[in-house]
Amino acid sequence: MQTLLNDLKREFERFLKSKGNKITKSRFDIIDMIASYGTHFEIEDLVRWISSQNKNIASRSTIYRTVKLLQDFGVVREVIKLNNRTIYEFVVGKQHHEHLICINCGKIIEFYKQEIETLQDQVCEEHGFTPVNHRLEIFGICSECKGKTYENRME
Ligand SMILES: [Zn+2]
Ligand SMILES: [Zn+2]
């Protein structure tokens, strides 16, 4: 992971330069923080977590701005907007996957099915369509939340 992150930082630096953005140490520190925070995150949670670790890393607005830049760069992607939340994910070191999203508790479950991938490729081929990327999100109720609703009904 460390090699991946170092390569990423080098390329991100090039990207920032090409876009005329400032190269600051705090931007790279934010990458480290995102990488250790976990894959799915809301920016507000990330901001709170980073300042609980070390207040001096970056301001709230720098964190927001850096996440946007990382999104443009392609290593952070928006997973979903759910109610008023926007959940992002850091894709470095991760295999392609899809998401099951619980509309009750917000839990995100990752899955990968080769059959689904193959079917999608077939659909594209049938339409003479060249896929670039795709995402699949299934919204529903997770097993834990389903258990709770069921218990409530039994009372
Ligand atoms: Zn749930
Ligand atoms: Zn994910």
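What you see is a predicted model, and the numbers here were worked out from it, not measured in a lab. Residues: numbered from 1 along the sequence shown. Remember, it's 1-based here, ligands and their atoms both numbered in the order they're listed.
Under the 4.5 Å side-chain heavy-atom criterion for grouping Ile, Leu, Val, Met, Phe, Trp and Tyr, Leu100 is not connected to Phe139 through any hydrophobic cluster.
Taking the Zn ion (ligand 2) as the corner point, the angle from His97 atom NE2 to His40 atom NE2 is about 170° (rounded to 10 degrees). Around the Zn ion (ligand 1), the two atoms SG of Cys102 and SG of Cys142 are separated by an angle of 110°, to 10 degrees.
Between His96 and His134, the two ring planes are perpendicular [angle over 60°; tilted spans 30° to 60°].
Within Glu89, the N, O or S atom lying nearest to the Zn ion (ligand 2) carries the name OE1. The N, O or S atom of Glu110 with the smallest distance to the Zn ion (ligand 2) is OE2.
Atom CD of Glu125 sits in a sparse spot, with 12 or fewer heavy atoms from other residues, nucleotides or ligands closer than 6.0 Å.
Side-chain contact, Glu89 with His97: a donor N or O sits under 3.5 Å from an acceptor N or O.
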